Amino acid sequence: MSETPPPDATARPPTLQRADGTPPRVLVVDDEQSLADVLASVLQREGWLTRTAYDGTAAISEARDFMPDAIVLDMMLPDLSGLDVLARVRAVDPAVLVLFLTARDTVEDRVAGITAGGDDYVTKPFSLEEVLARVRGLLRRTTTAAIDGRATLSFAGLTLDEDAHEVFRDGERIELTATEFELLRFLMRNPRRVLSKSQILDRVWNYDFGGQAHIVELYISYLRKKVDAGREPLIHTVRGAGYVLRTPS
C-alpha cells in the first residue's frame with residue numbers, strides 16, 4: 001500500500017467536494033503496482049486524495065481505514081477476486097462507489113461485475129482519461145448532490161435526503177447503494193413522468209452504457225425490492241416507454 005500525499009500547489013483545485021468540504025477519496029487497487037501508482041497520480045491531479053493497494057487483502061484493510069468515496073478495483077487480484085473484495089467492502093460501507101478494471105470484454109464478465117454491485121467498469125487496455133472520466137462521473141453522484149437541487153425530495157410517503165444520502169418510506173429507513181440512490185433520486189425529481197431507459201442511462205450512468213439497457217431493468221428490480229417490497233408499489237413499468245414514479249391508478 002502507498003498513500004498519495006495531499007494535493008500540492010501544482011495540483012488543480014478540486015472541482016468536487018464531500019459534504020464536509022474535503023476532497024473526494026479514491027482507493028486504487030491493482031496488482032500491477034506501476035499502473036496503480038500512475039492511476040493514483042492522475043486522480044490526485046484532480047485535487048482528490050488517493051491511496052493504493054496491490055492485492056485484495058490490503059484493499060479491504062485500506063478501505064476500512066481510508067473510507068474512500070470510490071474504489072478503482074481490478075477484478076483479478078493475486079489473493080482475492082475483485083468480486084470478493086467488493087462484497088467485503090460493501091458489508092462495511094454499502095454506499096462506496098466501485099469502478100471495475102477488467103481484462104475481459106465478454107458480456108458475461110461485464111454483467112457479473114455489475115450484478116455483484118459494481119457501479120461501472122473499464123476494459124483493459126484503457127486510457128487514463130477514460131478512467132478519470134468514469135471516476136469523475138461516479139463521484140458526481142454523491143459529492144454534488146446538495147448543490148444542484150433541493151435538499152429533500154418527497155413523494156407519497158417516500159423521502160430522500162440529498163444532504164445525508166438517506167431514504168425513508170413511511171418513516172422506515174431504506175438502505176440503498178450509491179447507484180440505487182441516484183436512480184431513485186432521478187425518479188423522484190421527475191414524479192409522474194415516464195423516463196426512458198436511454199434517459200436513465202444518460203443521467204444515472206453519465207454515458208451510454210454500450211447499449212446495455214438491461215442494466216436499467218436490473219437496477220429497477222433492485223430498487224423495487226427495497227422501496228416497494230410489502231408496500232403499495234410506486235415504481236411502475238410503462239411497456240415500451242420506460243419507468244415512472246407514481247401512485248397506483
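Just so it is clear, the model here is predicted, and its values are computed rather than measured.
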**OP:** Look only at the side chain of D228 and the backbone of I235, and say whether a donor-acceptor pair between them is shorter than 3.5 Å.
**Re:** yes
Original post:
Does the side chain of D37 pick up a donor-acceptor pair with the side chain of Y54 at under 3.5 Å?
Top reply: yes
**OP:** Rounded to the nearest 0.5 Å, what's the gap from CD on E32 to NZ on K124? Could you check?
**Re:** 4.5 Å
Subject >> Shortest non-hydrogen contact from G82 toward L73 >> reply: O-CD2, 3.4 Å
Original post:
Taking all atoms of both residues into account, what is the closest heavy-atom pair of P68 and V96, and its distance?
Top reply: O-CG2, 3.5 Å
Original post:
What's the shortest heavy-atom distance between E180 and E175, and which atoms?
Top reply: OE1-O, 4.4 Å
**OP:** Kindly give the heavy-atom pair with the smallest separation between L97 and A178, and that separation in Å.
**Re:** CD2-CB, 3.1 Å
Subject >> From CG (D170) to CZ (R231), nearest 0.5 Å >> reply: 6.5 Å
Original post:
Charged N to carboxylate O under 4.0 angstrom, R169 versus E172?
Top reply: no
**OP:** Working to the nearest 0.5 Å, report the span between CG of L43 and CG of L128.
**Re:** 9.0 Å
Subject >> For D55 against P78, the heavy-atom pair lying closest together >> reply: CB-CG, 4.0 Å
Original post:
CG of L187 to OH of Y243: how many Å apart, nearest 0.5 Å?
Top reply: 10.5 Å
Original post:
Are I174 and Y222 connected in the hydrophobic side-chain network, where two residues link if heavy atoms are under 4.5 Å apart?
Top reply: yes
Original post:
Within the distance-only criterion (no hydrogens, no angle test), does the side chain of D30 pair as donor or acceptor with the backbone N or O of D74 below 3.5 angstrom?
Top reply: no
Original post:
Counting only N and O atoms by type, is there a donor-acceptor contact under 3.5 Å from the side chain of D161 to the main-chain atoms of A164?
Top reply: yes
**OP:** For residues F66 and L27, report the shortest heavy-atom separation together with the two atoms involved.
**Re:** CE2-N, 4.4 Å
Original post:
Does R88 CZ have over 12 foreign heavy atoms under 6.0 Å away?
Top reply: no
Subject >> Nearest-0.5 Å distance, CZ of residue R246 to CZ of residue R193 >> reply: 14.5 Å
**OP:** Calculate, to the nearest 0.5 Å, the distance between atoms CG and NZ belonging to L223 and K225 respectively.
**Re:** 11.5 Å
